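Below, chain A is the first sequence line, B the second, and so on; all start at residue 1. Quantities reported herein were computed from a predicted structural model and do not represent experimental measurements.
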Number of protein chains: 2
Amino acid sequence: MMTDENLEQIIKALANPARREILQWLKQPEQEFTEQPNGFEQGVCVSQIFAKSGLSQSTVSSHLALMQRTGLLASQRRGQWVYYQRNEAVIREFAEQIQQTL
Amino acid sequence: MMTDENLEQIIKALANPARREILQWLKQPEQEFTEQPNGFEQGVCVSQIFAKSGLSQSTVSSHLALMQRTGLLASQRRGQWVYYQRNEAVIREFAEQIQQTL
DNA sequence: TGTATATATCGATATATTTCGATATATCAT
DNA sequence: ATGATATATCGAAATATATCGATATATACA
């Protein structure tokens with residue numbers, strides 16, 4: 001069960017269009033991004049998201065970091081790259097919480 | 001089917017704790033507010049929400065107006081009073097949209 | 001050990017949101 | 001009409017968020 005604070009964080013995270021867009025892209029990496037060295041198993045690396053976003057590298061990095069803090073995303077460093085992916089469990093729980101409590 | 005713009009408005013509306021709290025209060029007016037002249041059938045009047053909120057009258061009024069613009073609330077003037085109530089259809093549709101598209 | 005590449009952090013600025021008090025408007029009661 | 005009550009709007013100040021460029025850190029490779 002998600003804390004109220006976490007719920008609040010997630011709602012705020014979603015209140016930004018750039019972050020919502022990134023979250024959508026990460027649903028279907030094969031469709032949204034070009035091939036990566038190690039495939040999309042561990043997620044999509046920051047530079048790909050950056051390339052697609054039209055935002056600065058620092059802005060993208062901070063959006064990703066924020067979504068990770070909320071639990072919406074998980075990240076894994078693999079050498080020089082950091083791969084971000086959706087945390088489906090958290091996303092599902094958030095959606096259920098909204099259904100039940102809103 | 002809700003437009004993307006409306007979805008965006010609603011998420012932003014919910015990104016504020018005072019507005020979320022008001023939305024919760026309006027689920028069970030009998031429990032949250034003192035009796036009103038005409039009962040709670042048409043909703044709860046601004047002054048009651050104001051009294052409970054700890055915010056200024058103008059702030060409460062603007063939160064309510066914003067939630068009405070998004071569709072989350074509906075309002076009805078009855079003499080000097082304006083009654084606000086949840087728009088359950090919109091709230092339900094929003095929750096479903098989140099479930100399906102997040 | 002350098003140098004290149006990927007990502008994160010910092011500091012500054014621009015924009016958006018929240019909140020308030022003052023005031024306007026709308027309705028009611030006398 | 002006048003005064004009282006309820007709500008909305010306006011303008012300003014405070015706070016939060018988004019964004020950027022510059023720079024720091026982390027890893028890879030020659």
ask   = Among residues 21-30 of chain A, which residues get a heavy atom nearer than 4.0 Å to DNA chain D?
value = none
remark   = So the salt bridge (Lys or Arg N to Asp or Glu O under 4.0 Å) pairs with at least one residue in residues 59-69 of chain A (sequence neighbours excluded) are none
ask   = Touch check for B/Arg78, heavy atoms < 4.0 angstrom, all strands: base, sugar-phosphate only, or nothing?
value = nothing
message = Distance check needed: C/dT15 P versus A/Leu55 CG, whole Å only.
response = 15 Å
message = Please list all pairs meeting salt bridge (Lys or Arg N to Asp or Glu O under 4.0 Å) that have one or both residues in residues 57-68 of chain B, counting only residues at least two apart or in different chains.
response = none
request  = Sequence neighbours left out, what passes side chain to side chain contact (heavy atoms under 4.5 Å, CB included) with B/Thr34? Give chain and number order.
outcome  = B/Gln48
Worked check of side chain to side chain contact (heavy atoms under 4.5 Å, CB included) between A/Leu66 and A/Leu72 = CA-CA 9 Å; A/Leu66 184 150; A/Leu72 285 170; over 6 Å; no
key: Pairs where residues 8-18 of chain A contributes a residue and the test salt bridge (Lys or Arg N to Asp or Glu O under 4.0 Å) is met, not counting sequence neighbours   = A/Glu8-A/Lys12, A/Glu8-B/Arg20
message = I'd like to compare against my own output: the B/S/- annotation of nucleotides 1-16 of chain D with a strict under-4.0 Å heavy-atom distance to protein.
response = ----BSBBB-------
note = Sorted by chain and residue number, the side chain to side chain contact (heavy atoms under 4.5 Å, CB included) partners of A/Glu21 (sequence neighbours excluded) come out as A/Trp25
query = Can you check the B/Leu66 CG to C/dT18 C1' distance for me, whole Å?
reply = 11 Å
query = Applying salt bridge (Lys or Arg N to Asp or Glu O under 4.0 Å), which residue pairs with at least one partner in residues 43-63 of chain B are found, sequence neighbours left out?
reply = B/Glu32-B/Lys52
message = How many whole angstroms separate atom CZ of A/Phe50 from atom C1' of C/dT5?
response = 13 Å
Please tabulate, one pair per line, all N/O donor-acceptor pairs under 3.5 Å involving side-chain atoms of residues 94-102 of chain A, not counting sequence neighbours.
residue	atom	partner	partner atom	Å
A/Gln97	NE2	A/Met2	O	3.3
A/Thr101	OG1	A/Gln97	O	2.8

